[in-house]
There are 2 protein chains.
Amino acid sequence: MGELSPRQKHILRLAERQGFVTIDSLSEDFGVSAQTVRRDIIALSEAGLLQRFHGGAGPIGESEAVRLDHEHKAGVAVEEKRRIAEAAAALINDGTSLFIDVGTTMEMTAKALNTRRGLKVFTTSIRAALAFDASRHEVRVLGGRVAGRDGSLVGEEVVLALSGMQLDLALIACSGVDVEGRVMDFSLSKITVKQAAMRAASRTFLLATPSKFGRSALATVARVGDFTEVIDGVAPSVASQVR
Amino acid sequence: MGELSPRQKHILRLAERQGFVTIDSLSEDFGVSAQTVRRDIIALSEAGLLQRFHGGAGPIGESEAVRLDHEHKAGVAVEEKRRIAEAAAALINDGTSLFIDVGTTMEMTAKALNTRRGLKVFTTSIRAALAFDASRHEVRVLGGRVAGRDGSLVGEEVVLALSGMQLDLALIACSGVDVEGRVMDFSLSKITVKQAAMRAASRTFLLATPSKFGRSALATVARVGDFTEVIDGVAPSVASQVR
DNA sequence: GTGGTAATGTAAGTTTTCTTACATCGGACT
DNA sequence: AGTCCGATGTAAGAAAACTTACATTACCAC
C-alpha cells in the first residue's frame, strides 16, 4: 500500500487544495479514461486518504486521520483476516439483520460489508461501528460499558438489549478453539455478550483464523457444532469441519 | 434573487467549511427531503454561490478551501480546541459523573480527562469513547443509531436512556452561537440528544471556540444563559458573559 | 520470442442521482 | 371561508455514474 503513483499523489493534492475533485475533470486533466481515474480514487479511498462520493472525491476529515493511525498498527495476520472477512461477506445478503462481535477480523468484515447495503447492523464493537458506512446501512451500537482499548462494549445493558432481539445472523469471534471443539475466550464479560448474541440470532457464524484452532482460553463460549458455519478463510466455508 | 433562506445560508457555510457537502447528509441533518435540499443547492448554484456535482455541492472558489487548509495545517483550530479541552478538564473533579457530546473538541477533552480518574462517563460519541482510558474511568456508550462519519449516536434510545439519568455534568458542543445568545446546531437529531443530556445534568458546560460566536445554524439547542459555564478557551471561564 | 504482470481502455448492465410533474400543506390576502 | 402562492413531499422516467468483466497495451523476465 506504500506505493502511490505520481498521478495518485497529484489527485490527492488537488483534492486537498480544492476541497473536492470530480472524475470528469481529472479524467480530462490527466488525459486518461474516467475508469482509470476511478481506479485511482478507489485505491486512495481504500488507503483512507480520500473520501469517495458520486462523481468524485474529497479530502478526508481531520477526525478521520486519527483513525488511520490505529488501523495500520493492527497488522497481525491481516491477509488471513481479510480472507475471512471476504468469505463471510459473501454469505450475507442485502437487508440481513445481524450482530457483529468485537475484534479486528470483525472490523475488516464490517468494511467488506460496505459492498452490501440495507443491512441492519447491531454491534458491541465501537471500531466495527466506525468501519461501517452509515449511509449504506442502519448501524446501531448497543449501549454498554467500554471494556478496553479494543473498543468493546460489555455489561448487563448489552445482554438485556440482545435478549429482546430476533436477528437473522450473529458473527462471532473468539480467542481460541481447543482440540475438543470448544470455542473459548479470555474475557468472561465478552463471553456473556457472545452467548446472548447467539441466542438472539437464528444463524451463527464463527470467524476464526486457522491459528486459533488448537488453542484454549479461559472459558467456553459454545461448541463448534453450535455454529451454523465456521469460517477460517481456508477451507470452503462448510459448517463444522471440526468436531 | 437576493433572498436566501436560512437553510440555504447554512448550506453555503457548511460547504465552505467542509469543502463539500452531500445531499444525503444535508437531508438528514436538516430533516427535510433530498429533493428540498437539491432545490436549495440549485438555487445557490444558479446564484453563483455554489458549485453543484452529482450527489452534493462544493464552494465555488478555491481561495476559501485554501484558507481552511492552511488553518488546519497551521493547527490554529487544534490549538484553540486544546485550550478549551484543558480549561474544561481543569473544572472537573475525580469521580464526577458526566455526559460528553460529539465533536473533535470533545475528543480532545476526553484525552485531557485521562489525567483524572474514577470518572463516570456517558457519551454518544464513539470517537470520544475511544479517546478515554477505560482503565482509569468507567466509560459507557449510550446505544443508538450511528449518524455519520463523526461517529455520533442519535435516536430515540439515546434520549430515552438520558431521560432516566441524573448526572453531575454535561459537556456540550455546538455549531454556532448567534448574536442573540442562542446556541445552535445543524443537525436536528443531535440537538435532541444535547437537550436531553442538559436536562439530565445538574451542571452544564458549553465548549465552543471563539469562531463559533456570532454564527447561527439550523436550530436552537438552548440559550447561552442556560449553561453553568461557557468555555471558549480565551476568557477565564466564568459563567454567562453573554446574556 | 514467449509468458507473465500491471496498467489502461472499452463495453454491458446495474445502481444512484437527477429531472420533471404533480399532490399536499399552510400561511397571506380579499 | 375562499383563493392564491410558496415551500415541500412523492413518484416515474431520464441521465449520470458505478461495477464487473474482458480486451489491449507495454514492459520485464526468462
Side-chain angles (χ1 to χ4, degrees), chain A residues 1-12 14-15 18 20-47 49-58 79 85-87 89-90 92-96 111-119 132-138, chain B residues 1-12 14-15 20-47 49-58 148-149 186-189 218-219:
Chain A
M1 168 181 314
E3 314 291 321
L4 284 187
S5 77
R7 194 179 52 228
Q8 288 173 332
K9 281 184 203 151
H10 198 163
I11 290 176
L12 208 49
L14 276 177
Q18 305 186 352
F20 68 91
V21 287
T22 65
I23 304 252
D24 271 353
S25 67
L26 289 174
S27 153
E28 182 155 335
D29 287 354
F30 290 107
V32 296
S33 75
Q35 189 63 348
T36 297
V37 173
R38 198 168 285 123
R39 280 191 265 246
D40 283 339
I41 287 181
I42 289 172
L44 290 168
S45 78
E46 277 177 355
L49 301 168
L50 219 54
Q51 181 182 348
R52 284 188 82 184
F53 54 78
H54 241 75
E79 229 5 90
E86 296 292 344
I92 297 172
N93 298 319
D94 290 359
T96 302
K111 272 189 193 161
L113 284 171
N114 283 334
T115 57
R116 298 281 173 285
R117 116 200 121 147
L119 299 177
F132 276 106
D133 179 346
S135 66
R136 290 181 84 88
H137 309 297
E138 185 183 320
Chain B
M1 87 186 172
E3 314 295 322
L4 282 186
S5 76
R7 194 180 52 227
Q8 288 173 333
K9 282 186 203 148
H10 300 146
I11 290 175
L12 207 49
L14 277 177
F20 67 90
V21 288
T22 64
I23 305 250
D24 269 356
S25 66
L26 290 175
S27 155
E28 168 148 352
D29 285 355
F30 287 56
V32 296
S33 76
Q35 188 65 349
T36 296
V37 173
R38 199 169 285 123
R39 280 190 265 249
D40 283 339
I41 287 181
I42 289 172
L44 290 168
S45 78
E46 279 177 353
L49 299 169
L50 218 55
Q51 180 178 345
R52 286 187 81 185
F53 55 78
H54 243 76
R149 288 181 300 109
F186 283 113
S187 167
L188 293 176
S189 49
L218 176 65

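In what follows, every chain begins at residue 1, and chains take the letters A, B, ... in the order their sequences are listed.
From A:Leu12, atom CG reaches atom CZ of A:Arg7 across 13.5 Å, with rounding to the nearest 0.5 Å. Here CG of A:Asp94 is found 10.0 Å from CG of A:Leu113. Values are rounded to the nearest 0.5 Å. A distance of 11.5 Å separates OG1 in B:Thr36 from CD1 in B:Ile41, rounded to the nearest 0.5 Å.
Of the side-chain N and O atoms in B:Thr36, none sit less than 4.0 angstrom from OP1 or OP2 of D:dT8. Of the side-chain N and O atoms in B:Arg7, one or more sit less than 4.0 angstrom from OP1 or OP2 of D:dT8.
Between A:His10 and A:Leu26, the closest side-chain pair of non-hydrogen atoms is not below 4.5 Å.
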Short heteroatom pairs, N/O only, protein and nucleotides 17-20 of chain D, under 3.5 Å:
{"unit_1": "D:dA17", "atom_1": "O3'", "unit_2": "A:Gly55", "atom_2": "N", "d": "3.1"}
{"unit_1": "D:dC18", "atom_1": "OP1", "unit_2": "A:Gly55", "atom_2": "N", "d": "3.0"}
{"unit_1": "D:dC18", "atom_1": "OP2", "unit_2": "A:Arg38", "atom_2": "NE", "d": "2.7"}
{"unit_1": "D:dC18", "atom_1": "OP2", "unit_2": "A:Arg38", "atom_2": "NH2", "d": "2.4"}
{"unit_1": "D:dT19", "atom_1": "OP1", "unit_2": "A:Arg52", "atom_2": "NH1", "d": "3.3"}
{"unit_1": "D:dT19", "atom_1": "OP2", "unit_2": "A:Arg52", "atom_2": "NH2", "d": "3.1"}
{"unit_1": "D:dT20", "atom_1": "O4", "unit_2": "A:Gln35", "atom_2": "NE2", "d": "2.7"}

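As rounded to whole Å, 15 Å separates atom P of D:dG6 from atom CD of B:Gln8.
Within the nucleic acid shown, A:Arg136 has no heavy atom closer than 4.0 Å to any nucleic acid atom.
The environment of A:Glu28 atom CD is sparse: at most 12 non-hydrogen atoms of other residues, nucleotides or ligands sit within 6.0 angstrom.
Summarising the geometry of B:Arg38 relative to B:Arg52, their closest heavy-atom pair is CG-NH2, 3.8 Å, with the distance given to 0.1 Å.
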